[in-house]
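Every chain is numbered from 1 and lettered A, B, ... according to where its sequence line falls, protein lines coming before strand lines. Computed from a prediction, not measured in an experiment: that's the story for all the values here. All values below come from the heavy atoms of this structure, side chains included, with hydrogens, waters and symmetry mates left out.
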Protein chains: 2
Amino acid sequence: MSEPLHFVVKTKLVDVLERLGEGAALPPERVLAKEFGVSRWTMRQAIRELIADGRLRARQGQGTFVATPKLVQPLALVSYTEALRAQGHTPGREVVAFEEVIADVELAEQLKVAEGDPVHRLERVLFADGQPIGLETTHLSVARFPTLREVLEPTGSLYRCLTGRLGVRFGEGEELVETVIATPREAELLKATQSLPMLLLHRTSRDTDGRPIEAVRSLYRGDRVGFRATLRP
Amino acid sequence: MSEPLHFVVKTKLVDVLERLGEGAALPPERVLAKEFGVSRWTMRQAIRELIADGRLRARQGQGTFVATPKLVQPLALVSYTEALRAQGHTPGREVVAFEEVIADVELAEQLKVAEGDPVHRLERVLFADGQPIGLETTHLSVARFPTLREVLEPTGSLYRCLTGRLGVRFGEGEELVETVIATPREAELLKATQSLPMLLLHRTSRDTDGRPIEAVRSLYRGDRVGFRATLRP
DNA sequence: AAGTGGTCTAGACCACTCC
DNA sequence: GAGTGGTCTAGACCACTTG
């Protein structure tokens, strides 16, 4: 019949949160629960939703804080570095893995190679202003880009390397966007608590001849990032 | 043993779920919890994440079922009806509200009207194959479209009505995508349980002269829908 | 050592659907 | 009425951060 208690609490909490400024610390969960006359579970449910909405950030051992607004990333075939700089933020990258693996059925299909063929696998955490905001896994055919490991500065722009040194010309591409829940491993790499909604982007880029260049799987923190697409009629 | 228990349970549950077919009923939560030797809370956490991932669907009073794959919607300025039909699904619409309201600061800015000016507010639930998948709220200037209420078939395509009868030519547009948690009202209209991650799309469409046509806020069920964008270099 | 958020348990009651 | 998922409580222990 009526609204769930945790939603009523959430609504009241928004008022508290707006009176405090950005970055301000919230009282501890146990204190808030007592003040609002609810159990800690109910209070955590409300806080959990506000975190997913990007209004709060929790740091274990420290406290819960009023969050800054979400970043907005362009949904386009441009350099991550340039896109972030254009918005006045400082980009960063950290290589988690750069290895050769064997293409499975799905990957072979996407890159138009044979199952079992070697492919580069580059996994990097993307930072904005020192905060991890995304986890990007890129697969490229070794046969097509045999010199990639020597040519690519691992923390540099892959896009720049491909278009610059390797003479690749990007054509049309398709990107898929959906929400998923991060695995514990992904959450840890993104310094996020698990069971937080993420934005998952799938992309298979092609060159101007329609040949696949890369298969990319990017996982962005849903509480920190949004996307902008430019539509043409 | 650093992985949380609910994630271990989630992983095991995926196996169960894959052995059963699409649409099959899962055993009740209480039974599953006992079988896996965990509390109901832990089991529900695992199930909750699988629902968010689009792998399961829960229906109160009935049970939990293996879900069908997500729909993929184009992220473009095309008719919702046509986009769904092209994928072999049956589109549907239900009007929740069609009224005149007063523009607040934000809306006035988006539609380039004065604060306090009258605007149409059209709120509709979008269906695919009889299932509610989205909640679309559109605002248009009354001054610019004074005859809209007489001309528009409320369950018909607004896009078709604007481009057809009213002679509007759509130009470039921008769309913003982010994840949010639905309010209880929104969740109810979408027949979803609350605290489920949703995909929120904001769009302000402009005509070929750059004048604003409509301000749209579309909330899609993140467990049922994904989006596709076509990228140009 | 103290205090924070994160996970988990056992149990209760409510809301809904079907018989 | 019986059985389902949805909400909520009280309390416990763990993991992490800071003094």
Here the distance between atom P of dG6(D) and atom CD of E188(B), to the nearest Å, is 14 Å
Of F7(A) and V31(B), the one whose closest nucleotide on DNA chain D sits nearer the 5' end is V31(B)
By side-chain contact (heavy atoms from CB on, under 4.5 Å), P28(B) pairs with (sequence neighbours left out) V31(B)
So the salt bridge (charged side-chain N to carboxylate O under 4.0 Å, His left out) pairs with at least one residue in residues 32-42 of chain B (sequence neighbours excluded) are E29(B)-R40(B)
Taken to the nearest whole Å, CD/E3(B) to C1'/dC8(C) is 16 Å
Looking only at dC8(D), dG6(C), dC8(C), the nucleotide nearest the H6(B) side chain is dC8(C)
Whole-Å distance, K34(A) NZ to dA10(D) P, equals 11 Å
query = Would you call R185(B) and E123(B) a salt bridge, using N to O less than 4.0 angstrom?
reply = yes
Readout for nucleotides 12-19 of chain D: B = base within 4.0 Å of protein heavy atom, S = sugar-phosphate only, - = neither; 5' to 3' it is BB-BBSS-
Taken to the nearest whole Å, CG/L196(B) to P/dG6(D) is 10 Å
For R55(A), the side-chain contact (heavy atoms from CB on, under 4.5 Å) test, sequence neighbours excluded, returns V14(A), L17(A), E18(A), L50(A), D53(A)
Residue set satisfying side chain to side chain donor-acceptor pair (under 3.5 Å) with H89(B), at least two apart, ordered chain then number -> D129(B)
*Are K70(A) and E178(B) close enough for a salt bridge, meaning some N to O gap below 4.0 Å?*
yes
Expected list for residues 56-69 of chain B: side-chain donor-acceptor pairs under 3.5 angstrom, two or more places apart:
residue : atom : partner : partner atom : Å
R59(B)  : NE   : Q62(B)  : OE1          : 2.7
T68(B)  : OG1  : R224(B) : NH2          : 2.9

In numerical order, the residues of residues 41-51 of chain B whose heavy atoms come under 4.0 Å of DNA chain C are W41(B), T42(B)
inquiry  = For Q87(A), is the CD atom crowded, meaning more than 12 foreign heavy atoms sit under 6.0 Å from it?
reply    = yes
Nearest heavy-atom contact between P184(B) and P4(A) is CG-CD, 4.2 Å
Indicate yes or no: does R121(B) engage E214(B) in a salt bridge with an N to O separation below 4.0 Å. no
Computed from five pairs at either end and rounded to 10 degrees, the angle between the axes of the helix from dA1(C)-dT18(D) to dC18(C)-dG1(D) is 0°
Test log, rule ring-ring contact (aromatic ring centres under 6.0 Å, His included), inputs Y220(B) and F227(B) = CA-CA 10 Å; Y220(B) 286 88; F227(B) 289 94; 5.0 Å; yes
Residues 80-91 of chain B vs salt bridge (charged side-chain N to carboxylate O under 4.0 Å, His left out), sequence neighbours excluded, gives E82(B)-R160(B)
Residue set satisfying side chain to side chain donor-acceptor pair (under 3.5 Å) with E106(B), at least two apart, ordered chain then number -> none
Note: contacts of residues 11-20 of chain B with DNA chain D (heavy atom, under 4.0 Å) are none
From CZ of F65(B) across to P of dT17(C) the rounded distance in Å is 12 Å
From CD of E29(B) across to P of dT7(D) the rounded distance in Å is 11 Å
Below 4.0 angstrom from OP1 or OP2 of dC8(C), is there any side-chain N or O of S39(B)?
no
note: R57(B), atom CZ; dG6(D), atom C1'; distance rounded to Å ~ 17 Å
By side chain to side chain donor-acceptor pair (under 3.5 Å), R149(B) pairs with (sequence neighbours left out) none
